[in-house]
Every structure is written in structure tokens, then in C-alpha cells.
Amino acid sequence: MSGMAANETTTSSLTSAGIEDKRNASSSLAPLKASSITYSFTKSPKQVPAPDDPAIKASNITSDHMVTCRWTETNGWETPELKPFGPFSIMPTASVLHYATECFEGMKLYRGHDGQLRLFRPDLNCKRFLVSSLRIALPGFDPEEVLKLIVELCAIDGPKWLPKDRPGSFLYIRPTMIATDPALGVHTPREALFYAMLCVFPTMDSNVGGMKLLASRDDMVRAWPGGFGYAKVGANYGPSLLAQGEAKKRNCDQILWLFGEDYKVTEAGASNFFVIWKTKDGKTQLITAPLSDKLILDGVTRRSVLELTKERLAGGVQREQSEGGALEPLEIVERYFTMSEVVEAADEGRLVEAFGAGTAFFVSQVSSVTWKDREIKVPVLDKGYALLIKGWLGGIMYGKERHDWGYVVQEKEAKA
Ligand SMILES: *Cc1c(COP(=O)(O)O)cnc(C)c1O
């Protein structure tokens, strides 16, 4: 967006304007066309695990089918296919295996309390998928066509894998793009494969007592100006797993990534990070890192939190004492803040709450941040802002509140 005041939020920057599809521009290559999809249904349908099946924790259960579509530099997009979920073969020389030419998305399919299947703002994920794909030299596509393919998979596998008698459940959707070029030469990919699958995932937002974050070490950064922190590419993840492992070892749940000599707070592993504090002049403020220099990921959950809080919390909340009492108006700010500011706020008793926000972790309250051997405690409130916001978002996702952000998937008869 142009002409934006410094303090204004940047939440609408994720539009297809400004995305230049260099790889498919002005070409006569075939565009991705969802309506030409072909179907081959599985002959060995799987069993849907019970909600308490321990196998769910392993996150390796997928539904019966996947959608795929191949792209080549010479022909463009081929016919998309819906087919049984299963392995595919690529050459050991494939670009993705050597040069991390990969990007992905993370979405969820929700079984609503009203019986309907919904996606949450899936158009934003598909646009971001395009941004990521172009950043890593993978092909361009019309995000709406990718959305249609994802919806088709959800429409076919959703009814069986999210039965109507399990309202409040979800599947995790993983759209992926990889370069499959079977040549080791270092060049922009000449072949690519889009695929999407549905995974049975554990709930990750019910961390008892709140998430514990470990601030990143001085000698590790996740992203840097001019880099690709804003893109959802595998290349951002592999190198961060070492730090994630250290967090686990130190009894923490996720890394909080800091940046720069002044220890700017950016985001947590796979979720954006929010702090609610009292400012020195007594205002209650919701603060999160900005998108401006493309260090952090433009999270759909982040954006939704900012939009909802502006709409519903800028004027505070009137509640009965029995419901937790009134909440002060929130000032909503996107700017960098530093660990010293967090420490100072903690020392002065000004920290109100903190939470991570992302599709996988949803809204997860944070109970502590460990930085330089100091554990900074953060209040975890039962009736605070975080759970109120979480409740609103959940209400939209699971159809308790009718809202534009809920995208209803029309279910198809299971053919498997
Ligand atoms: C996916 C992701 C998020 C969360 O984005 P959502 O769109 O809200 O799911 C945040 N940070 C990083 C680094 C991510 O990869």
C-alpha cells in the first residue's frame, strides 16, 4: 500500500497487486485450470482415527486423497489430478532436494457446530502461496485456481474425515510446491509439482498453563532485511530446527526470534507474537512486529487478530463481574519492540498478557519468555484479551458466528 502513515497497520499489503508473476508473465503457457481436474478414487480407503488415538500426535496420518498438478517450463500447467494419497517418485537430482526450491501453506478445514465444513480466509493463504512460490523461483498461478483445487479435496475427503458428529474438529491442510527438475545445474526450476493433502493433526493450542518461549541466541537469526522471512518457504525452517531442539531441551515450547543488536522481538517459530502491556502513560496496548521490512511472515491469524481487535476492542469491553469484568480499550500498534522494553514492562508490572497466533497454534497464551538466563513471567489470564480474541476467531471458524471470513465448503458424496 502506498501513502500509509507510519503508525497505520500494514495488514492489507498482501494483495496480488505488487506481486509480479515473472515466471508466467506474457507467455503462451497453459495456466492452472482447476475445472479440468481428473479423478481417480482410492481402492483402499483408510480408517479415520478416533479423536483420542495416540497416532494423531505423530502427525503422519493423512486422508485418502491428494490433489496434484505438474508444471513445466515448456508447457505450463498440466491437468490437475485428484488421486489416492501416496508416495511419488522424483529423481535424486531433483532441484528441491538440493536447493530448497520449495514453499508451502498451512490452513485448516473446520467442522462447524452448525454441521458445515469451513475454511478460514483461504484466499489469503492462496495469495501468500503465490508470493512464496515466486520468491523461490517456482511458477506462478492464479491463486483462485489453487483455492478451487484445495476446496475440491476438502469437499471429497472432508465429509468422511471430519464426521458431522465431531463438531469442533479440524484437518490440517498442507498445500506444497516443489521443483522436480531432474538436473543438478543451479538454475531456475524447469519443472515443478503442486500438491495438497489433508492431515490429521493434534490440537496445539491447549498448552496447559501457557507456552514457554526461549528467546533466540545472539548467534542465530531466522530472517534478515532483504531476505525471505516473509515467504513461507521450507528454507526458513530447516535451519531453525536446531534452535527449536534447544528450546525443547530447555523445557520451552518454541523459539522467540529476536533480531538486531537491540534485540527486536519478531515472531515465534510458526506463529506471530503479540504482547499486551500497559504503556508508561497508562494505556493498554496490543503490540506486534510490523510487516514493513519483510522480516516476519504476514500471518492470516495475525492479520485477523489485528482487524478484529481494532473493530471490537478499541473501545474496550463492558462485561459483568461474573464474566471477568470490563476490559480497558486497546491501542493497537504494529512496530518493533525490544527485549529491553519487555523486561522493563515486566519489572514495572506492566505486562498484561502475551500470545502466539498462527494456524497451527491458533491463539496460544504465553506464560514466559526466557532470555539470557532470565525467565520473564507473563500473566496467563482466564478472562483476559487473549481468550476473548481466541473465542471470536474460533466462533467464526466453527460457524458459531456468521462472518465473511468463514468459507463454506460444499460437501461431495464420498466416492471412496
Ligand atoms: C505460517 C507461519 C505463521 C502463521 O501464519 P498463519 O497464516 O497465521 O498461519 C507465522 N510465522 C511463520 C514463520 C509461519 O511460517
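In this chain, numbering begins with 1 at the start of the sequence shown. We count ligands from 1, going down the list as the structure has it; atoms in each ligand are counted the same way.
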- Item | Leu134 versus Pro139, closest heavy-atom pair with distance | CD2-C, 4.1 Å
- Item | Test applied, side-chain contact (heavy atoms from CB on, under 4.5 Å); reference residue, Phe141; option that passes from Phe129, Trp71, Phe194 | Phe129
- Message: I'd like to know if Asp373 pairs up with Arg250 as an ion pair, taking the criterion as any Lys NZ or Arg NE/NH1/NH2 lying under 4.0 Å from an Asp or Glu carboxylate oxygen.
- Response: yes
- Message: Between Arg312 and Glu401, does any NZ, NE, NH1 or NH2 come within less than 4.0 Å of an OD or OE carboxylate oxygen?
- Response: yes
- Keeping the roles fixed (side chain from Tyr385, backbone from Glu328), state whether a donor-acceptor pair exists under 3.5 Å. yes
- Task: Give a yes-or-no answer on whether the side chains of Asp181 and Tyr99 include a donor-acceptor pair shorter than 3.5 Å.
- Result: no
Go ahead and list the nitrogen or oxygen contacts between ligand 1 and the protein that come in under 3.5 Å, distances to 0.1 Å, or just say none.
| residue | atom | partner | partner atom | Å |
| --- | --- | --- | --- | --- |
| ligand 1 | 7 (O) | Arg128 | NH1 | 2.8 |
| ligand 1 | 7 (O) | Arg128 | NH2 | 3.0 |
| ligand 1 | 7 (O) | Val300 | N | 2.7 |
| ligand 1 | 8 (O) | Val300 | N | 3.3 |
| ligand 1 | 8 (O) | Thr301 | N | 2.9 |
| ligand 1 | 8 (O) | Thr301 | OG1 | 2.6 |
| ligand 1 | 9 (O) | Thr359 | N | 2.9 |
| ligand 1 | 9 (O) | Thr359 | OG1 | 2.6 |
| ligand 1 | 11 (N) | Glu267 | OE1 | 2.6 |
| ligand 1 | 15 (O) | Lys232 | NZ | 2.7 |
| ligand 1 | 15 (O) | Tyr237 | OH | 2.3 |

